[in-house]
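Everything numeric here is computed off the predicted structure, so don't read it as measured data. In listed order, ligands and their atoms are each counted from 1. The first residue in the sequence is number 1, and the count goes up from there.
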Amino acid sequence: MSGGIPLIERAGEQGDRVALLDEAGEHLFSELLVAARKVAGGLLQGRRDLQEARIAFILPPEADYVATLWGIWMAGGVAVPLCTTHPAPELEYVLKDTQAEAVVVHPSFQEKIREAGGQLQLRMLPSGRWADAEPASLPCIEMGRRALILYTSGTTSRPKGAVSTHRNLQAQIRCLIQAWAWTPQDRSLHVLPLHHTHGIVNALLCPLWAGAVCEFSAGFDARQAWERFMAGGIRVFMAVPTIYSRLIAAWDSASPDEQVKMSQACRSLRLMISGSAALPVSAFEKWKQISGHSLLERYGMTEIGMALSNPLHGERRPGTVGRPLPRVEIRLSGEDGRPIEGEGRQGEIWVRGDNVFAEYWQRPQETREAFCRGWFRTGDVAVVEDGYYRILGRRSVDIIKTGGYKVSALEIEEMLRTHPQVQECSVVGVEDPEWGERVCAAVLPRTGCSISLDQLRSWAKKRMAVYKAPSALRVVQNLPRNAMGKVMKPEVKKLFENPLDESDNHIL
Ligand code: MCA
Ligand code: AMP
């Protein structure tokens with residue numbers, strides 16, 4: 001009935017066990033499968049196989065999200081999850097780039113999708129209206145077929161669609177099931193966005209694969225998350241460092257009595273994980289003090305799923321991302337591509353295995369450049385110390401990680417240059433205790449123009465994701481350039497070292 005997709009076949013074996021909890025209540029595996037089949041029927045509409053047509057969807061974290069994802073796969077389509085908070089131009093870019101045939105839309109996003117997809121040849125399918133869909137016979141899905149496209153920023157200006165096949169996703173899931181020992185007795189609290197690997201694969205597909213229960217929370221709110229921990233029953237939690245920093249702040253501001261209850265609540269969890277960005281050692285230590293948990297830090301990337309992880313059992317070393325995960329091959333490479341071996345030597349992380357994605361959507365050249373002799377080049381530099389990998393940084397200064405999101409400085413600069421008052425600009429990521437890095441812009445205004453952070457931010461937020469909008473601004477008369485005329489980003493970063501010492505600085 002699933003077309004041979006192991007994740008969905010396993011769900012079939014779970015029958016009437018609870019799979020999900022959302023605002024509407026509990027949803028059984030069997031109910032999700034019935035709903036997914038209806039979605040598949042509604043998408044196929046008499047066709048035998050969608051044959052990898054791209055189907056986008058924009059849905060809040062609820063059962064329909066899973067039914068839609070599975071339904072697209074059952075019908076032979078490629079799923080393209082859209083970010084619910086992106087403004088219309090970002091959504092339009094993804095819809096256009098994937099040449100999506102249809103988009104499944106929750107009523108609350110209809111307006112936005114109309115704006116984003118108005119000019120495109122695109123079927124708009126309201127979610128939750130599949131009751132009349134004809135049951136269809138489902139195609140058999142080979143594991144090498146494309147399954148998912150996730151957009152990720154890189155060293156090029158616009159985000160690229162990273163395509164994972166069913167085999168890639170299965171490898172990503174199975175390695176985490178083994179490494180983190182997911183079981184049907186687990187219950188996880190899901191607070192992450194559902195258009196990235198962390199929220200989709202690690203936090204949703206893993207519990208579904210394991211027959212565990214995943215509880216959706218509508219976005220992240222520190223107080224609500226603490227309330228949920230205190231109500232009991234949650235066993236697994238995973239988040240980005242910014243979320244742990246918010247949880248720590250909420251604990252700090254609670255009364256001593258409440259703090260005791262909050263801390264006690266953490267004792268009933270079996271596993272708390274951090275990833276997507278570097279977890280500061282101070283946060284690791286503070287969290288241990290609050291919760292008794294040594295956060296398990298791991299390292300991953302949209303293109304590869306997870307690659308390195310601290311151990312479930314054994315020492316979790318703060319400031320490191322542990323060792324290679326099962327069936328993931330890792331090597332460190334020098335500038336010349338030669339492997340670097342031995343303790344204490346540093347190199348770029350290269351990854352090989354079934355977990356590694358297939359291609360950047362319709363970008364053969366960028367796909368070729370991303371690989372070397374079958375290895376995917378991550379662009380992250382690490383060192384091995386006593387078998388544990390420590391991330392030292394990235395090869396490109398133009399990639400910024402903010403709140404767990406990867407953004408491209410080049411993309412933001414290109415957008416800011418279209419602002420009527422901006423003559424030239426340079427965007428950098430500046431270390432920040434809450435966001436990891438903060439997107440900061442140095443701007444040279446056009447003659448006679450002035451510009452403020454508020455204006456720039458509200459202009460930017462209409463055009464790009466909120467986390468890409470600069471949250472600190474320096475108005476400059478010249479950008480620091482080298483003899484070749486190239487902007488020197490390390491010098492630009494220095495402009496933000498003393499954020500509040502001049503009137504043209506605006507830090508939120
Ligand atoms: C939002 N704001 C920001 C940022 N984001 N300000 C500075 N820098 C930012 N990055 C501002 C907003 O403009 C707004 O202010 C205020 O903060 C609240 O915005 P809101 O959107 O409500 O933010 P939030 O809900 O508080 O978001 C914080 C968050 C979120 C929960 C940490 O960023 C998040 O969910 N991050 C997780 C991302 C993730 O899952 N990444 C995984 C991808 P104003 O109102 O003034 O505008 S990486 C991945 O998948 C790989 C494989 C991996 O390894 O995991
Ligand atoms: P994304 O492209 O959004 O999938 O982000 C992947 C990038 O996040 C990696 O290339 C790393 O730069 C970064 N990353 C993920 N996990 C960690 C971690 N635990 N420590 C440091 N950086 C991380």
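- Applying the 4.0 Å criterion to heavy atoms of Met306 picks out, from ligand 1, the atoms 52 (C), 53 (C), 54 (O).
- Between Glu303 and ligand 2, no N or O atom pair is found at a separation short of 3.5 Å.
- Polar contact with ligand 1: absent for Thr242 (N/O pair, distance under 3.5 Å).
- Distances from atom 48 (S) of ligand 1 to the heavy atoms of Met301, Met238, Arg298, Lys401 show the closest one on Lys401.
- In terms of N/O distances under 3.5 Å, ligand 1 is approached by Gly404.
- For Thr197, heavy-atom contacts with ligand 1 shorter than 4.0 Å involve the backbone as well as the side chain.
- Taking any N or O of Ser276, backbone or side chain, at least one lies under 3.5 Å from an N or O belonging to ligand 1.
- Two residues are said to be in side-chain contact when any heavy atoms from C-beta on lie closer than 4.5 Å; Pro470 and Leu416 meet this criterion.
- For Pro193, no nitrogen or oxygen atom sits less than 3.5 Å from a nitrogen or oxygen atom of ligand 1, counting backbone and side chain alike.
- Ligand 2 lies less than 4.0 angstrom from a heavy atom belonging to Val321.
- Contact annotation: for Ser153 versus ligand 2, there are no heavy atoms closer than 4.0 Å.
- The shortest N or O to N or O distance between Ser274 and ligand 2 is not below 3.5 Å.
- When heavy-atom distances to ligand 1 are checked against a 4.0 Å cut-off, Glu303 has no atom that comes that close, whether in backbone or side chain.
- Close N/O approach between Ser471 and ligand 1 is not found [any backbone or side-chain N/O within under 3.5 Å].
- At least one N or O atom of Lys461 sits closer than 3.5 Å to an N or O atom of ligand 1.
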